[in-house]
Number of protein chains: 4
Amino acid sequence: MTDARDRILDAAEELFAAKGFDATPTSRIAARAEVPKGLVHYYFARKVDLLSALVERLPVERVDRAAVVVAGDVEQSLCRLVAALDDLLDSSAVLSHLLWREADTHPSVRDALHERFDRIVGEIRGVLLDAGAAGEVDSAALLLASAVSYRHSVDRHAPQRVDMAPELRFLARALTRSAESRPAPA
Amino acid sequence: MTDARDRILDAAEELFAAKGFDATPTSRIAARAEVPKGLVHYYFARKVDLLSALVERLPVERVDRAAVVVAGDVEQSLCRLVAALDDLLDSSAVLSHLLWREADTHPSVRDALHERFDRIVGEIRGVLLDAGAAGEVDSAALLLASAVSYRHSVDRHAPQRVDMAPELRFLARALTRSAESRPAPA
Amino acid sequence: MTDARDRILDAAEELFAAKGFDATPTSRIAARAEVPKGLVHYYFARKVDLLSALVERLPVERVDRAAVVVAGDVEQSLCRLVAALDDLLDSSAVLSHLLWREADTHPSVRDALHERFDRIVGEIRGVLLDAGAAGEVDSAALLLASAVSYRHSVDRHAPQRVDMAPELRFLARALTRSAESRPAPA
Amino acid sequence: MTDARDRILDAAEELFAAKGFDATPTSRIAARAEVPKGLVHYYFARKVDLLSALVERLPVERVDRAAVVVAGDVEQSLCRLVAALDDLLDSSAVLSHLLWREADTHPSVRDALHERFDRIVGEIRGVLLDAGAAGEVDSAALLLASAVSYRHSVDRHAPQRVDMAPELRFLARALTRSAESRPAPA
DNA sequence: TATGAATGAGGTTTCATTCAT
DNA sequence: AATGAATGAAACCTCATTCAT
């Protein structure tokens, strides 16, 4: 039998994501984790402590840049990057789901969410630079991070993930051409 | 005295947005609306009916395109458009807030959210075309709609709204240059 | 069917007195009052509100002085007075019981208890004066009030109430003799 | 480090007195005693056993009669006696406090309380006789014991202890004069 | 001897919903 | 149409007690 505390967290993550924090009774968490009800409160005195523990468990999104960047090919690099980000975000999809819901009422959740967005912007920016993009890299990174984040929050409802290839090509061209036509701005 | 039914909806909108659907008792809605408790359930048999009624009340976002578009100046047009969208979304900010939270558990809310996103994409696309943009207008519209929506959902926590001027300039240039260099793709 | 709210208070009074405030679940109060559990909390939002309501119900002890005083006979007056006080206190015996237990944790209860003691001292003093006692009437009143209160709080456990006749005779003599021998002190 | 068992009892005494028996969790006793939670139940299998052990620890009130009695001066003897009793009762004030609260629900506590009252009556009686008082010594002892006990139970809430000098003088005079006028009754 | 993880019954309280008026 | 008293299921949480180590 795996560790009971972990099973409780797993169960909480799934149920919170599926139904929301308020709509999930701790008794159901216990049932899904197959532990007695009291054990949930033994490990997590208040229900909200489950949320905090879940946020602490959040993996730090880190892209393997060497495996993603295709030097000189911004479009291809972006395609691989988005695929990598999709994988990363999917691996904690239920938890992400939860974050979106509870960000307002729980400041620690909100902070974790902001940190993640900033991290994603940073990863995109790094890949763009490594791939040889020039021009308004920061603007492109922010736009793309918004789009990726948006897909993973709201568009999670979509039957299947929307393909972003056109947008990536657009961005790649913009960054390539802008580099050709004139020197990069500060 | 304004209509009791409307006052109930107003109260529900504020409280749902502030605390979430589950965390808002109907009794508190009645109290804020200054109506007797029974009246809430008289108009809205189930609590969830309040949510549906709120979604029905959602204004349809419609930009006054003539007032926004500056023919031939894509960047300026985008700046005005984003300002107009910000105003529109702010006017129903609390309700938007609510939609983000409850989209998962209530399909009608989710649908309303998707419709709104599609409407925003359409508005951006229309403005871009009217302003004379060429090239990958659809991609640009989707990216910008994502960024605008993102700011209004998640970034509502930000102390003050992030200025999007750099991103708008970036998009405008990309669309202008791409139009110069070659014909717009399908 | 008598008023449900009153039946709840009656049940609470009996159970609190018998087992103590903390040891009495509201569910048992509901059961004894033969009302659904929710009704208890409908009338008394918090359990402690039951205590407050009980204290509010406390009858004000008021002795019919004309029926008690035998002019010129202090001992006889005291005997009648103690009998009258015993009756008064017995009529709210369970509630008194409760007051002794909960005085520490609930200030409103403590205050009610003090007020009652002062009232009893006043009644004794009035009877003594009307009966023609002289001398240290205040001291005698305080001693007797202590003894009566003590019997009704702690000594409630005694199989049968201790007869106070000897003490009353002692007090009566002291007050009579002291009046004969010398003028009353300030 | 003092004995763990004693530290547990000390902690229980303070907490029971402050909050009451029912309102004090054993875990808080363990925390205040700075012992692991399991140790409390190791020494005291049931929570109620803590109460019994506390009653066993009660010091027997014993007045040093030689130091208190002023032969031939009943009033002065009473003053000294009351001061001595106050000291004795204050030394176990928290425990007394507890006894008053829990006397009803725990017979052993109730018995201990009665024994103590009888002991106090006995001490007062002894001092009165040694001081040369005559007359209704038993009645006076019971009245004074009631008053002293009352002060230490209910009046513990008073901001500062009430001075009993007038009452003591009253009793002393009554006992002195009654001795002069006629032989003591049975 | 000593520990603290584990248990589950039961506590107070909240609240959507019903219904008689 | 409008009201608010009444209901009871179920939520969170507490805590004495047990037990393996």
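Predicted, not measured: the structure shown is a model, and the values here were computed from it. To find a chain, count down the sequence lines: A is the first, B the second, and so on, and within it residues start at 1. In what follows, every heavy atom counts, from backbone to side chain, and hydrogens, waters and symmetry copies are set aside.
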**OP:** Hunt down the Watson-Crick or G-U wobble partner of E:dA20, both distances under 3.5 Å, from any strand shown, or write none.
**Re:** F:dT3
**OP:** List the steps, then state whether salt bridge (Lys or Arg N to Asp or Glu O under 4.0 Å) holds for A:Lys47 with A:Asp22.
**Re:** CA-CA 10 Å; A:Lys47 192 186 179 184; A:Asp22 286 316; 5.1 Å; no
Subject >> Length of the line joining C:His41:NE2 and F:dA5:P, which is rounded to integer Å >> reply: 17 Å
Subject >> Length of the CG-P vector between D:Leu39 and F:dT18, whole Å >> reply: 16 Å
Original post:
Going through the distances and angles, do A:Leu54 and A:Arg57 end up as a side chain to side chain contact (heavy atoms under 4.5 Å, CB included)?
Top reply: CA-CA 5 Å; A:Leu54 247 18; A:Arg57 275 211 319 189; 4.0 Å; yes
Original post:
If you pin D:Ala23 and C:Tyr43 to their nearest nucleotides in DNA chain F, which one's is more 5'?
Top reply: C:Tyr43
Original post:
Roughly how many Å is it from CD in A:Glu34 to C1' in E:dT7, rounded to a whole number?
Top reply: 16 Å
**OP:** Just say parallel, tilted or perpendicular for the rings of C:Phe21 and C:His106, cut-offs at 30° and 60°.
**Re:** perpendicular
Original post:
Does a side-chain N or O from C:Thr26 land closer than 4.0 Å to OP1 or OP2 of E:dT12, or not?
Top reply: yes
Original post:
Is the phosphate of E:dG4, meaning OP1 or OP2, less than 4.0 Å from a side-chain N or O of D:Tyr42?
Top reply: no
Original post:
Whole-Å distance between E:dC15 C1' and B:Ile29 CD1?
Top reply: 12 Å
Original post:
Rounded to whole angstrom units, what separation is found between the CZ atom of A:Arg28 and the C1' atom of F:dC12?
Top reply: 14 Å
Subject >> Distance, rounded to the nearest Å, where C:Leu51 contributes CG and E:dT12 contributes C1' >> reply: 15 Å
Original post:
When all nucleic acid strands are considered with a 4.0 Å heavy-atom cut-off, which category describes B:Phe44: base, sugar-phosphate, or nothing?
Top reply: nothing
Subject >> Where B:Leu50 and B:Phe44 come nearest, the two heavy atoms and their spacing >> reply: CD2-CD1, 3.5 Å
Original post:
To the nearest angstrom, how far is D:Lys19 atom NZ from F:dT14 atom P?
Top reply: 14 Å
**OP:** Report the distance from atom NZ of A:Lys47 to atom C1' of F:dA10, rounded to the nearest whole Å.
**Re:** 12 Å
Subject >> Minimum-distance nucleotide to C:Pro36 side chain [options: F:dG8, E:dG4, E:dG8] >> reply: F:dG8
Original post:
For E:dT14, does OP1 or OP2 lie under 4.0 Å from any side-chain N or O of C:Arg46?
Top reply: yes
Original post:
For DNA chain E, whose closest nucleotide is more 5', that of C:Asp22 or that of D:Gly38?
Top reply: D:Gly38
**OP:** Take C:Phe21 and B:Thr24, find for each the nucleotide of DNA chain E with the closest heavy atom, and name the residue whose nucleotide sits nearer the 5' end.
**Re:** C:Phe21
Subject >> Check ion pair D:Arg7-D:Glu34 (N to O, under 4.0 angstrom) >> reply: no
Original post:
Does A:Lys37 get its side chain close enough to the base of E:dG10, under 3.5 Å, for a donor-acceptor pair?
Top reply: yes
